[in-house]
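Only a predicted model underlies this, so the values are computations on that prediction, with no experimental measurement involved. Counting starts at 1 for both ligands and their atoms, following the listed order.
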Amino acid sequence: MKFQPRASHFIDGEYVEDTNGAAIEVIYPATGEVIARLHSATPAIVEQALNSAKNAQAAWAALSGTERGRILRRASDIMRERNYDLSVLETHDTGKPIQETTVADATSGADALEYFGGLAASLTGEHIPLGGGDFVYTIREALGVCVGIGAWNYPTQIACWKGAPALACGNTMVFKPSETTPLSALKVAEILVEAGAPKGVYNVIQGYGDVGASLVSDPRVAKVSLTGSVPTGRKVYAAAADGMKHVTMELGGKSPMIVFDDADIENAVSGAILGNFYSSGQVCSNGTRVFVQKGIKEAFLKRLSERLAHAKIGDPMDEDVSFGPMVSENQMNIALGYIEKGKAEGARLVYGGERIERDGYFVQPTVFADVTDNMTIAREEIFGPVMSVLDFETEEEVMARANDTEFGLAAGVFTNDLTRAHRIVAGFEAGTCYINTYNLAPVEAPFGGSKMSGVGRENSKLAINHFSEMKTVYVSMNDVEAPY
Ligand code: NDP
């Protein structure tokens with residue numbers, strides 16, 4: 001099998017196998033063909049990975065930030081050199097078109113390695129004068145062993161978004177990818193070693209939820225960073241709380257995108273396409289509730305349908321293809337189930353709505369109009385190519401409806417009225433907001449959610465605070481005064 005890795009796990013600088021673990025079949029979503037066979041981690045593998053990370057941590061943290069940063073930046077360069085091969089692997093792992101994976105996956109992972117590699121040397125504490133010569137200084141310290149648990153939609157990116165800041169701060173990591181997409185994190189681990197990362201600094205073990213759960217509850221682990229759904233986030237957060245561990249939770253969403261009458265309609269349609277159909281809709285921050293002001297509703301829907309007709313659906317390895325399959329049969333069935341609910345609950349189907357008759361797990365880009373706030377498709381995260389268009393009349397009304405959700409990951413507004421744009425954004429209950437654009441996530445900017453969509457932030461300088469802590473040191477230059 002072309003994509004069969006040398007072994008299932010990467011621990012202590014090398015590939016490791018234990019065939020006693022439950023079988024994991026990796027399926028190419030465009031054909032349904034099995035492209036690799038792996039094994040879930042046994043308790044012995046979990047033990048080996050945690051020991052390796054624990055043993056490697058002190059020496060890694062003792063390197064200077066410059067040295068750690070150099071290794072991360074070298075890994076970033078290697079990722080960029082191998083971008084095409086890594087993208088082919090990512091396309092086979094996820095089904096996402098090569099047109100996307102060559103620009104959004106290994107490249108985004110490389111950005112994170114480069115950015116946090118660059119920051120590593122500047123991570124310091126501070127000096128706080130107390131008067132009379134006394135002072136405090138703070139030492140920024142690594143947390144220890146960090147666990148990363150990934151979702152299946154951006155496996156390379158997630159492995160790097162968690163690994164890069166963790167390693168920059170002097171932590172070591174055990175990363176568990178989703179069992180649906182287990183291949184690319186192994187490549188990230190290989191590349192880090194090739195770039196000079198000492199053994200055990202970044203380990204990858206495969207497994208289902210039970211493996212993730214055993215990592216989270218282990219006393220050797222200081223921090224857990226999860227990308228996944230809200231139900232899993234709840235479980236992982238609770239398990240981490242038991243050991244008072246640090247957490248970052250990047251969870252799901254049902255984000256609103258508001259399009260006012262005065263918006264540039266082409267840009268708004270582009271935003272709605274990017275925010276609903278990129279990666280076949282399998283993006284956590286997608287703006288799946290598109291509120292369109294009544295005056296431009298029909299023009300918006302017409303232009304959207306015209307543009308969707310130009311989506312090139314097919315073999316994701318064809319560079320002209322812009323819309324691929326969903327990641328698995330299971331996800332496809334979930335999306336098709338929501339489409340049926342949309343029809344049954346009275347939404348108006350204006351585009352798509354069917355499985356595509358070909359091998360693999362293809363669902364048409366689907367648009368429902370006349371969606372109302374209580375319909376299932378407007379309330380639950382679908383994680384598939386299904387857009388709900390809702391009507392609105394006034395700013396006040398749409399603001400309340402946009403925020404009427406348990407989620408708070410992202411939110412966007414399209415308008416040419418500058419003051420209104422900022423007023424709307426100030427009112428959004430969401431961690432990541434967009435004005436006249438949608439779904440950007442550059443490494444320089446904080447990314448994450450409010451409400452049920454998460455805790456903490458990834459990317460940017462803020463991520464450093466989630467992977468390190470301060471030790472406060474009081475220094476007296478004077479005699480110690482005691483009352484007796
Ligand atoms: P899941 O929540 O099902 O799984 C996420 C990861 O957690 C998987 O690796 C999973 O393993 C693991 N896991 C499951 N149960 C446990 C447990 N009890 N303890 C520890 N780990 C566990 O999400 P999906 O993989 O289905 O991904 C889709 C979800 O991810 C969507 O809801 C989406 O919104 C969210 N997401 C959020 C992003 C963000 O940045 N906010 C980005 C991308 C996705 P296994 O797969 O083997 O069960």
Side-chain angles (χ1 to χ4, degrees), residues 8 21-26 38-41 46 93-94 96 104-105 108 112 147-162 174-182 185 204-218 221 224-242 245 247-255 278-288 326-328 330-332 334-335 380-384 405-410 430-432 439 441 446-459 463:
S8 301
I24 295 174
E25 284 199 330
V26 189
L38 282 73
H39 293 275
S40 177
V46 172
D93 220 0
T94 62
K96 294 189 290 182
D105 292 279
S108 150
V147 161
I149 301 177
W152 40 257
N153 56 346
Y154 281 84
T156 309
Q157 181 187 82
I158 294 171
C160 294
W161 279 18
K162 300 191 187 308
V174 177
F175 184 79
K176 189 203 85 67
S178 162
E179 92 283 352
T180 310
T181 54
V204 174
I205 64 172
Q206 309 296 345
Y208 297 91
D210 61 320
V211 172
S214 67
L215 289 172
V216 174
S217 57
D218 193 280
V221 171
V224 180
S225 176
L226 169 81
T227 296
S229 60
V230 172
T232 302
R234 240 193 223 116
K235 280 190 235 163
V236 171
Y237 203 169
D242 205 40
K245 299 178 202 295
V247 294
T248 301
M249 296 279 148
E250 293 294 353
L251 309 175
K254 189 75 197 173
S255 302
Y278 201 73
S279 301
S280 289
Q282 303 165 117
V283 181
C284 50
S285 48
N286 271 355
T288 46
M326 298 197 61
V327 76
S328 65
N330 185 40
Q331 283 303 314
M332 175 185 73
I334 292 172
E380 296 179 12
E381 182 180 47
I382 299 175
F383 227 63
T405 167
E406 61 168 354
F407 299 108
L409 185 52
T432 308
N439 255 0
F447 181 83
S450 307
K451 293 158 84 176
M452 293 299 281
S453 293
V455 175
R457 292 291 178 266
E458 296 202 290
N459 288 342

Starting from [atom], what is the nearest protein heavy atom, named by residue and atom, and what distance separates them?
atom	answer
atom 25 (O) of ligand 1	Trp152 CD1, 3.0 Å
atom 4 (O) of ligand 1	Thr232 OG1, 4.2 Å
atom 17 (C) of ligand 1	Gly209 O, 3.7 Å
atom 40 (O) of ligand 1	Glu250 CB, 3.2 Å
atom 12 (C) of ligand 1	Ile149 CG2, 3.6 Å
atom 41 (N) of ligand 1	Leu251 O, 2.6 Å

Shortest non-hydrogen contact between [X] and [Y], atoms and distance:
X	Y	answer
Gly252	Leu409	O-CB, 3.9 Å
Val224	Val236	CG1-CG1, 3.7 Å
Ser279	Val283	CB-CG2, 3.9 Å
Ser40	Gly207	OG-CA, 3.3 Å
Gly408	Lys451	N-CB, 4.2 Å

For ligand 1, which atoms have a heavy atom of [X] less than 4.0 angstrom away?
X	answer
Phe447	40 (O)
Phe383	28 (C), 31 (C), 33 (C), 34 (O), 44 (C)
Asn153	43 (C), 44 (C)
Glu381	31 (C), 32 (O), 33 (C), 34 (O)
Gly212	19 (N), 20 (C), 21 (N)
Ala151	25 (O), 27 (O), 30 (O), 44 (C)
Ala213	19 (N), 20 (C)

Would a distance-only check, ignoring hydrogens and angles, find a side-chain to backbone donor-acceptor pair under 3.5 Å from Asn153 to Gln282?
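Yes: the side chain of Asn153 pairs with the backbone of Gln282.
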Any donor and acceptor pair, going by atom type alone, linking the side chain of Ser225 with main-chain N or O of Gly148 inside 3.5 Å?
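Checked: no pair found.
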Using non-hydrogen atoms of the residue, decide whether Gly449 is closer than 4.0 angstrom to ligand 1.
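Under 4.0 Å: no for Gly449.
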May I ask whether Leu226 has any heavy atom positioned less than 4.0 angstrom from an atom of ligand 1?
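It does; at least one heavy atom falls under 4.0 Å.
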Side chain to side chain contact (heavy atoms under 4.5 Å, CB included) assessment of Trp161 paired with Phe447:
CA-CA 10 Å; Trp161 279 18; Phe447 181 83; 4.0 Å; yes
Per-residue contact class, [X] against ligand 1 - non-hydrogen pairs under 4.0 Å:
X	answer
Glu458	neither
Leu409	side chain
Thr227	both
Tyr154	neither

Minimum side-chain heavy-atom gap [X]-[Y] below 4.5 Å:
X	Y	value
Leu251	Met452	no
Thr232	Leu226	yes
Pro177	Gln206	yes
Asp242	Ser217	no

Option of least heavy-atom distance to [atom] (set: [options]):
atom	options	value
atom 35 (C) of ligand 1	Gly253, Gly252, Ala410, Gly228	Gly228
atom 39 (C) of ligand 1	Cys284, Gly454, Ser279, Gly207	Cys284
atom 23 (O) of ligand 1	Ser229, Pro182, Gly431	Ser229
atom 18 (N) of ligand 1	Lys235, Lys176, Glu179, Gln282	Lys235

Should Lys254 and Glu406 count as an ion pair when the cut-off is N to O under 4.0 Å?
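No salt bridge links Lys254 with Glu406.
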Enclosure of Tyr208 OH (heavy-atom neighbours >12, cutoff 6.0 Å)
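Correct, the count exceeds 12.
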Distance-only N or O hit between ligand 1 and Gly150, under 3.5 Å:
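Among all N and O atoms of Gly150, at least one is under 3.5 Å from an N or O of ligand 1.
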Short N/O distance, under 3.5 Å, between Gln331 and ligand 1?
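Among all N and O atoms of Gln331, none is under 3.5 Å from an N or O of ligand 1.
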Would you check if there is a donor-acceptor pair between the side chains of Thr227 and Lys162 at a distance under 3.5 Å?
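Side chains of Lys162 and Thr227: pair found under 3.5 Å.
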